[in-house]
Amino acid sequence: MLLTEEQRLLRDSARAAIAAKAPIALWRKLRAENDEAGYSRDFWRACAEAGWAGVLIPEAYGGLDFGLVGAGLIAREMARTLAASPFLSTAVLVASAVKVGGSDAQKAFWLPRIAAGEAVISLGVDEEPRHDPARIGATAAETPQGWRLNGAKICVLDGAAADAFLVAAKTDGETALYLVEAKARGLSRTPRRLVDDRRVATLRLDNVEARREAKLAGGAALIEQILDAGRGVLAASLCGVAEEAFARTLAYLKQRKQFDRTIGSFQALQHRVAIMHVNIENAWSATLKALQTLDSGAADAPLQIAMAKAKAGEVGRTATAECLQLHGGIGMTDEFDIGLFLKKARVEAELLGDPAYHADRVAAMLGY
Amino acid sequence: MLLTEEQRLLRDSARAAIAAKAPIALWRKLRAENDEAGYSRDFWRACAEAGWAGVLIPEAYGGLDFGLVGAGLIAREMARTLAASPFLSTAVLVASAVKVGGSDAQKAFWLPRIAAGEAVISLGVDEEPRHDPARIGATAAETPQGWRLNGAKICVLDGAAADAFLVAAKTDGETALYLVEAKARGLSRTPRRLVDDRRVATLRLDNVEARREAKLAGGAALIEQILDAGRGVLAASLCGVAEEAFARTLAYLKQRKQFDRTIGSFQALQHRVAIMHVNIENAWSATLKALQTLDSGAADAPLQIAMAKAKAGEVGRTATAECLQLHGGIGMTDEFDIGLFLKKARVEAELLGDPAYHADRVAAMLGY
Amino acid sequence: MAIDRRELREWLEANCPAEMRQPIRGDEDICWGGRHFVFQSPAQKLWLERMAARGFTVPTWPKDYGGAGLTPEDAAVLGDEMRRIHARPPLTSFGISMLGPALLKFGNEEQKRRHLTRIARGEIRWCQGYSEPGAGSDLASLRTRAEDRGDHFLVNGQKIWTSYADKADWIFCLARTDPTAKKHDGISFLLIDMASKGVSTKPIVLISGKSPFCETFFDNVEVPKENLVGKLNRGWDIAKYLLTHERGAISGGGLNVFDNEALDKAARAAAKAAGGRLPDPVLRADIARAAIDSYAAAATVQRYMQEATAGGELGARSAVLKYDGAELNKRRYELLMSLAGAEGLTFDGNFGPESELAQRWLRSKGNSIEGGTSEIMLDIVAKRILELPSE
Amino acid sequence: MAIDRRELREWLEANCPAEMRQPIRGDEDICWGGRHFVFQSPAQKLWLERMAARGFTVPTWPKDYGGAGLTPEDAAVLGDEMRRIHARPPLTSFGISMLGPALLKFGNEEQKRRHLTRIARGEIRWCQGYSEPGAGSDLASLRTRAEDRGDHFLVNGQKIWTSYADKADWIFCLARTDPTAKKHDGISFLLIDMASKGVSTKPIVLISGKSPFCETFFDNVEVPKENLVGKLNRGWDIAKYLLTHERGAISGGGLNVFDNEALDKAARAAAKAAGGRLPDPVLRADIARAAIDSYAAAATVQRYMQEATAGGELGARSAVLKYDGAELNKRRYELLMSLAGAEGLTFDGNFGPESELAQRWLRSKGNSIEGGTSEIMLDIVAKRILELPSE
C-alpha cells in the first residue's frame with residue numbers, strides 16, 4: 001500500500017500548486033461573486049497544464065494515464081483548500097466513461113479536449129434525491145437517425161458550465177449512456193447551488209434528438225464501473241476534507257485557552273481527538289486500498305469501493321462536525337473556515353451514494 | 001410519571017427485603033451448587049408472602065393487583081442483587097395470560113396457586129434462537145377429547161422447575177396458548193444453563209394430549225399482550241442491572257487510585273460516566289412511561305413498550321460493558337461482581353426480543 | 001386571594017384580538033417591543049397595550065413595577081386561559097426573561113422602578129452582553145473593562161453573541177472592574193444605553209446564514225455609576241443566577257429539541273412514496289433508533305419536570321436535559337438531511353423553502369455550543385450530580 | 001552471507017514431522033517447553049530438538065546463546081519456508097518473546113549464557129511478573145519490595161495477571177528496591193526461580209471461565225544478587241523496553257482481531273437459512289458497518305506495517321492498532337452474540353462447544369484492558385502522535 005515515487009511526487013506538487021493557486025480565499029471570492037460555474041476557469045486551466053484534467057486519460061489522447069490512485073491523490077489535495085473544479089465530473093466520471101465505452105471517434109474528439117481543460121462534460125444518472133442508479137426513468141427511443149431522449153436528471157455536477165452531458169437512459173429495460181451536447185434542442189437546465197457552493201443543474205430532456213453514435217458501449221455495467229471510479233475519488237476527497245479540518249482543529253486546541261489551560265490539555269477532548277485520528281487514518285487506508293484494487297482490476301473492487309465510500313463518508317461527516325464542536329462558537333460563524341469543511345463533507349458523503357446506501361450494498365455483496 | 005405512595009412503598013420494601021434475603025452471595029451459592037431450579041425456593045416463598053408472586057393477580061384470586069408498574073419496580077429491585085426467581089415466567093407472563101385468557105376454572109385453580117408461590121408455570125413461545133413470536137411451528141390438532149400438541153420450544157424460562165407450561169401452537173394458521181402439565185405424557189424437557197446462570201429448558205411435545213379447556217381464549221393477540229407485559233418488566237429489570245452496575249462503578253471510580261490520582265478525577269472518564277448516566281436515566285424514564293401506558297390500556301402501549309425494551313436493552317448492554325471496562329482487570333475476574341451484571345444484561349436484552357428486533361418493530365409501527 | 005378564572009376568561013375573550021389568536025408563523029409575528037419596534041399590525045399593538053395595562057406581560061412581577069403581582073399558581077391559570085384561546089404572548093423580550101429576574105433580586109429600588117416598568121410595557125428592548133471572543137465556556141475570563149472615573153465607568157471591550165444587539169435599546173453586561181482580583185471577583189454587572197457614544201454593533205453571519213447574533217463594541221463608553229446593579233465586583237453572583245435561569249429556559253422551555261415528529265413525518269412520507277417501507281434499510285435502522293432515543297429522552301424531560309414540580313428541584317438535572325436535547329437534535333437533522341438526499345443539499349445562504357432544511361441542519365450544530373457547551377454540561381453532570389472528584 | 005533457501009527448504013522438508021504440519025487446534029498443540037512440560041507426542045519433542053539444534057527456535061539470537069545468528073531478513077526467509085509447509089512453531093514461550101530481548105540488551109554475559117541457551121532449548125519456561133492489584137495501568141506504582149540483605153534480596157509482595165505462573169519454572173519481575181526514590185526510579189528487574197521457598201501461585205478464574213492467569217505471591221523469598229538484570233533501581237528502563245515489545249506483538253502479531261471472517265460467515269449462514277437476506281434489517285445494518293470498519297482498520301494495519309518496513313517506525317502507531325483492534329473485536333463479539341440469539345447464551349462456565357461463543361464473547365471484554373487499556377492507548381495517541389499538551 002506504499003505510494004510509488006511518482007505518486008508521491010504528484011501528491012506533493014499538487015499540494016503546493018493548489019495551496020498557491022486555489023486557497024480558500026478563492027473559494028470565498030467565487031461564492032461572493034455568485035460565479036455561475038462555481039469554479040475558477042484560470043485554476044482549471046492550471047490543472048489541465050499540470051496534467052490533472054487528463055489524469056485518467058491515456059497518453060495517446062494527451063493524458064497522464066495515472067490511474068485512480070493518482071486521481072484520488074489530486075482530489076484529496078484539492079479538498080484541503082476547497083478548490084472547486086470540474087475534476088470529478090469531467091476528468092474522473094466522464095473521462096472514464098468515454099475511455100472505456102466511447103467509440104474511436106468519440107475518444108479522439110473528446111479525450112484530448114478534456115485533458116486540455118477545454119471541455120466540461122457532466123454525468124446525469126440520478127433522478128431521485130437519494131442516489132440509486134438502478135432507478136432510471138429516462139428513455140432513449142430508437143429513431144431512423146439515432147435516439148430520441150426524454151426524462152429528467154437531478155444534481156448534475158457542474159451542469160451549468162457543461163458543454164455536453166453523458167446521460168443514462170433506458171431502451172426496453174436496457175440502460176446505457178448517451179452523449180448529448182448542451183446546446184441540443186429540447187435540453188434545458190436549471191442551475192442550483194449546493195450548501196458547499198458547488199453548482200449543479202437539474203436537467204430536462206424533451207425529445208432531444210441524438211445521433212446513433214451518441215450511445216456509449218457498455219450499458220449498465222459501464223455505469224457502475226464509472227460510478228465506482230467517482231466514488232473512490234470522492235472518498236479520497238472526503239479524506240482530504242476530514243484531514244484538513246482535523247489539522248486545523250488540532251492547531252486550535254493547542255492554542256486556545258479557557259480556564260487558564262490550553263483546551264487541548266483537557267483529557268476528555270484528547271480522547272475524542274485521538275479516536276477521530278484513528279477513524280481518519282482508517283478512512284484513508286480504506287480509500288487508498290480500494291483505489292489500488294480498482295486500478296488493479298480485481299474482482300472485489302466494487303465491494304472495496306463501497307466500503308471505502310461508506311467509511312470516508314461517515315468519517316467525513318462525523319469528524320467535521322466534531323471539529324466544529326471543538327471550536328465552539330467561533331466555528332459557527334461564516335467568517336471562520338471550519339464550517340466550510342462540514343458543508344463539503346455532507347455534500348460529498350451524499351454524492352454517488354451515502355454511507356447508508358453503501359452499507360446496504362456491502363451487506364448484499366457479502367451475501368447477507 | 002410520579003410514582004404513587006403505594007408504588008414507592010412497594011419499591012422501598014422490595015429493596016430492603018431483597019437485599020436481606022437474596023444478596024449476590026445467594027446467587028453465587030446457587031451457582032456453585034449447580035442448583036437445578038437456579039433459584040432459592042425459600043426466597044420465592046418469601047416473595048409470595050410479600051405478595052409479589054401475585055402482583056398482577058386480582059385480589060379475588062389472592063393477588064395484589066398492583067399493575068405492571070408494580071411488577072416493574074419489583075423486577076428492578078431484584079436485578080440489583082441478581083435475585084433469581086420465577087417472577088418473570090410465572091408471576092408476569094403466565095399470570096397475565098391466565099388472568100386475561102383463562103377460563104373461570106383455570107383462573108380459580110391456577111391464579112391462587114401462582115399468588116401463593118405454589119405453582120411455577122413457564123411460557124413456551126420461541127422456536128428459533130432469535131425471538132420471533134410470528135414464527136410458530138408447533139401444532140395443536142383437534143381431537144375428540146381436546147387437542148394433540150406437537151412441536152418444540154426453546155429457551156423456556158424456569159423450564160426445569162415448572163409444574164406446567166403455557167405453549168403457543170397453531171391450528172389451521174390460528175395461534176393460541178395451551179396449558180399443559182409438566183407430567184403430561186409426550187412432554188420432555190432438556191435443561192440448559194444460560195450465561196447469567198438462569199435455567200431454561202428446551203421443550204419437546206410429542207403427541208401431547210390436552211383437554212379441550214387447555215386452550216386459552218385470545219389467540220395471537222393475547223400472546224402479544226402478555227409478551228408486552230414481559231418486555232416491560234424485562235426493561236425494568238435491565239434498568240436495575242444498569243443502575244446497580246453504574247452505582248458500583250461510580251463508587252469504584254471514587255476510590256481507586258492510579259497515577260497518584262483518584263481515577264474518577266480523569267475528565268475523559270468523567271464524560272463517559274456522565275453520558276452513561278444520561279442514558280440510564282433515559283432508559284428508566286422510557287420504561288416507567290411505557291409501563292404506565294400499558295397499565296392505562298392506551299392504544300400505543302405496544303409501540304412504547306417496544307421502544308422501552310429496545311432502549312433498556314441497549315443501555316443495559318452498553319452500560320454494563322462500559323462499567324466492566326472502567327474497572328480494568330479486576331472486572332474480568334469471576335471473583336468480582338461487576339461482570340455478573342454484564343452477563344445478566346446480555347441475557348435480558350435478548351429475551352423477548354433484542355434492541356434490533358424492537359427497533360425494526362418500532363419503524364414498522366411508526367409507518368416506515 | 002386566588003385569581004377569578006371566570007372574570008379572566010371573559011376579559012381575554014373580550015380583549016384578545018382575533019389576529020392575535022393565530023399561530024405564530026415566524027419571527028415577524030413576535031412582539032419584541034422597544035423604541036424602534038415596528039408593530040406588525042394594529043392588533044399586535046392593541047394586544048400589548050391591553051395586557052400591559054393589566055400587568056399581564058409580566059404577571060408575577062409586583063404591581064409597582066408594571067406586573068400583576070400574581071402568585072405562580074395564578075400566573076399558571078393565566079397561561080392556561082391564554083392557551084385555551086390560542087392567544088399569542090403579547091410581549092417577548094430578554095428584559096422579561098433575563099434582566100427582570102436579576103433586577104428583582106439584585107437591583108435597587110430606583111433601578112426597579114425605572115427599568116422594570118418600561119420592560120413590562122414593551123418600551124425598552126434589552127440585550128445581553130456576556131460572551132467575548134476569548135471568553136466562551138470560561139465566561140469569567142472576560143476582558144471588557146469598566147474603569148472607575150469618579151461619576152462614571154469608562155467601558156472598553158468587545159462582546160460577542162449578543163442576540164439582537166442591533167435592535168436593542170439597552171444592554172446588560174458583565175465588565176471587569178478590578179483587573180487585579182481573582183477572575184470571578186473583579187466583575188460587575190452594568191446597564192448600558194446602546195445609544196451611548198462609543199457603542200457599535202455588527203451582525204454575525206453564521207454558517208447557516210443570517211442570524212440575530214451580533215458583535216458589540218465598546219469604545220470609551222461612559223456609563224453613569226447609577227447603572228451598576230448589585231455591588232461593585234460582585235457581578236458574577238448575578239451572572240450565575242441568570243445562567244441558571246437561562247439554562248432552565250433552554251432545557252425547559254426549549255423542549256422542541258425533544259420532539260421527533262418532523263423526523264417521523266419525513267420517514268413516513270418517504271416510506272409512503274416507496275410504497276411501504278423506507279427503501280434504505282440502514283437509514284431506516286438509524287431513524288428508528290433516533291425515534292427510540294427521542295422517546296426516552298422526552299420521557300426524562302417529563303419525569304424531571306414532574307419531580308421538580310412535586311417538590312424537588314430541577315437544579316443540575318437541567319444539564320442532563322440540555323446535553324441530551326442538543327445532541328439528539330443534531331442527530332435528527334443529520335438523519336433528515338440523509339432522508340432528503342440531494343434535495344436537502346440546496347442552499348444559497350438565504351432563507352427560503354429551498355434552503356430551509358440545510359439551513360436548519362447547519363443551525364442545529366450550534367445547539368451543543370450555545371447556552372453552555374455539551375462539554376460543560378457533562379462536567380456539570382459529572383461533578384454536581386455524580387459528585388466525581390476534581391483533580 | 002545470506003541463508004541458502006534451497007538447503008533450508010530441503011532440511012525442513014526432511015526434518016519437520018508430518019504431525020507438526022497440521023494446523024494448531026488449541027493450546028494443547030502448542031509446545032511451551034519447561035521442566036514440567038508434557039510433550040503431546042514424540043513428534044512434538046523431536047521437532048523441538050531438531051530446530052533447537054540448529055538454533056531455529058530463536059533464529060536471530062547469537063549462536064553463543066542458542067540461536068542461529070540470522071539477520072532479520074534471513075529469519076524472514078525461514079519464516080516463509082516454515083509457512084510454506086505449514087510447520088508449527090517448534091517452541092512458544094515468554095522466554096523467547098519477552099525475557100530474551102531484555103537479556104540480550106540489558107543482561108550481563110553470565111546471565112545471557114545461563115538463561116538464553118535454556119530458553120532456546122525449551123528447558124526453562126518463564127512467566128512475567130509486572131502487574132499488581134494496585135498497579136495496573138499505573139504499573140510504576142507497584143509495591144512488591146526487594147530488600148537488600150547483603151548477598152540476596154528479600155522479596156515480599158503480590159503479582160497479578162501472571163500468565164501460566166502455575167506452569168512456569170522462573171519468573172522475571174519488577175520489584176521496588178528503593179522505596180524512598182521517585183516511583184520510576186526505585187524499581188529493579190529480577191529473575192526468580194519459582195521453586196524458591198515462599199513463592200506460591202493461585203489461578204484466576206475469569207468471567208469467561210478458566211484462564212492461564214494467576215496471582216503470584218512472594219513471602220520472604222530469597223533471591224541471589226546475581227539475579228538482578230541491569231543496574232539496581234533502573235528496572236523501569238527494561239520494563240519500558242519490554243512493554244513496547246509486547247504492544248508490538250499484540251498489535252502486529254495478534255492481527256486476528258482485525259479479521260472479520262467469523263462475523264461475515266455467521267451472517268451469511270443466517271441469511272442463507274432465511275433464504276436470502278438476514279431477516280433482521282437493523283442487526284444487518286450493524287453487521288455491515290462492522291464489516292466496513294474492519295476492512296478499514298485492517299487496511300491501516302497493512303499500511304502501517306508496510307510503511308514501517310519501508311523505513312519508518314511503527315512506534316506510537318502501535319497504540320492506534322491496539323486500541324482499534326480491541327474495540328473492533330469487542331463489537332464483533334457483541335454482534336456474533338446477537339446473531340446467535342438464545343443459542344449464544346448457553347454457558348456453564350466450562351469450555352465446550354455449547355459454551356464456546358459466550359466464552360469468547362466474555363473473553364473479548366479483556367482485549368481493551370490487557371496489554372495496555374484502551375484509555376492508555378488513547379493517551380498515547382493524544383500525547384505522542386498528536387502532541388497534545390499535558391495539563
Side-chain angles (χ1 to χ4, degrees), chain B residues 1-3 235 246-247 249-250 253-255 260-290 292-293 300 303-304 306-315 355-356 358-368, chain C residues 260 263-272 274 276-278 281 283-307 309-312 317 319-321 323-324 327-328 339 374-375 377-383 385-391:
Chain B
M1 291 178 64
L2 299 174
L3 295 183
F246 185 75
T249 302
L250 208 53
L253 289 172
K254 289 176 185 178
Q255 157 253 310
D260 305 317
R261 282 170 57 175
T262 311
I263 62 173
S265 74
F266 284 99
Q267 199 202 22
L269 303 192
Q270 289 188 344
H271 280 200
R272 280 162 61 180
V273 169
I275 291 171
M276 212 189 328
H277 173 71
V278 174
N279 289 335
I280 293 173
E281 286 288 284
N282 286 346
W284 174 241
S285 305
T287 300
L288 179 58
K289 190 177 166 76
Q292 287 173 339
T293 305
D300 67 341
L303 170 64
Q304 292 196 31
M307 286 176 154
K309 178 65 165 63
K311 183 76 187 173
E314 188 66 34
V315 171
H358 286 294
D360 182 44
R361 291 178 70 225
V362 164
M365 288 193 259
L366 286 173
Y368 51 81
Chain C
N260 203 55
L263 181 57
D264 280 342
K265 234 168 114 175
R268 230 183 326 257
K272 210 173 159 193
R277 277 200 175 182
L278 262 187
L283 181 57
R284 178 174 171 276
D286 288 346
I287 292 172
R289 282 192 174 123
I292 290 165
D293 289 345
S294 288
Y295 168 74
T300 295
V301 176
Q302 200 183 343
R303 178 161 71 86
Y304 280 9
M305 292 299 171
Q306 290 180 8
E307 287 174 6
T309 309
R317 281 180 155 190
V320 169
L321 306 184
Y323 168 80
D324 212 21
E327 297 301 323
L328 263 174
L339 263 175
S374 280
E375 290 76 21
M377 296 304 113
L378 292 176
D379 279 339
I380 293 173
V381 173
K383 303 245 162 64
I385 298 181
L386 305 177
E387 297 176 337
L388 284 163
S390 295
E391 288 151 34

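Chain naming here is simple, since letters A, B, ... match the order of the sequence lines and numbering starts at 1 in each.
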Return yes if some donor-acceptor pair links the side-chain N/O of B/Gln270 with the main-chain N/O of C/Pro389 below 3.5 Å, else return no. yes

State plainly whether the residues C/Arg317 and C/Glu307 are in salt-bridge range, i.e. N to O under 4.0 Å. yes

Walk me through whether B/Leu2 and C/Thr309 qualify under side chain to side chain contact (heavy atoms under 4.5 Å, CB included). CA-CA 10 Å; B/Leu2 299 174; C/Thr309 309; over 6 Å; no

Under the rule for side chain to side chain donor-acceptor pair (under 3.5 Å), what residues qualify as partners of B/Arg272, not counting sequence neighbours? B/Glu322, D/Glu375

So, the part of B/Val273 with a heavy atom under 4.5 Å from chain C: the answer is both

Let me know if B/Ala306 has heavy atoms under 4.5 Å from chain C in its side chain, its backbone, both or neither. neither

Any idea which of [options] has the most non-hydrogen atom pairs under 4.5 angstrom with chain B?
options: C/Ala291, C/Ala382, C/Ala299, C/Ser390; value: C/Ala299
options: C/Asp379, C/Val320, C/Leu278; value: C/Asp379
options: C/Ala288, C/Gly276, C/Ala271; value: C/Ala288
options: C/Gln302, C/Arg284, C/Arg277; value: C/Arg284

Once rounded to the nearest 0.5 Å, what's the spacing between atom [atom1] of [X] and atom [atom2] of [Y]?
X: B/Thr293; Y: B/Leu288; atom1: OG1; atom2: CG; result: 9.0 Å
X: C/Ile292; Y: C/Arg289; atom1: CD1; atom2: CZ; result: 7.5 Å
X: B/Met365; Y: B/Asp360; atom1: CE; atom2: CG; result: 9.5 Å

What part of [X] gets within 4.5 angstrom of chain B, counting heavy atoms only: side chain, backbone, both, or neither?
X: C/Lys272; answer: neither
X: C/Ala285; answer: neither
X: C/Ile385; answer: side chain
X: C/Glu327; answer: neither

Pair B/Asn282-C/Asp293, side chain to side chain contact (heavy atoms under 4.5 Å, CB included): steps then yes or no: CA-CA 8 Å; B/Asn282 286 346; C/Asp293 289 345; over 6 Å; no

Top of B/Arg361, B/Gln267, B/Glu281, B/Arg261 for chain C proximity - count of heavy-atom pairs under 4.5 angstrom: B/Glu281

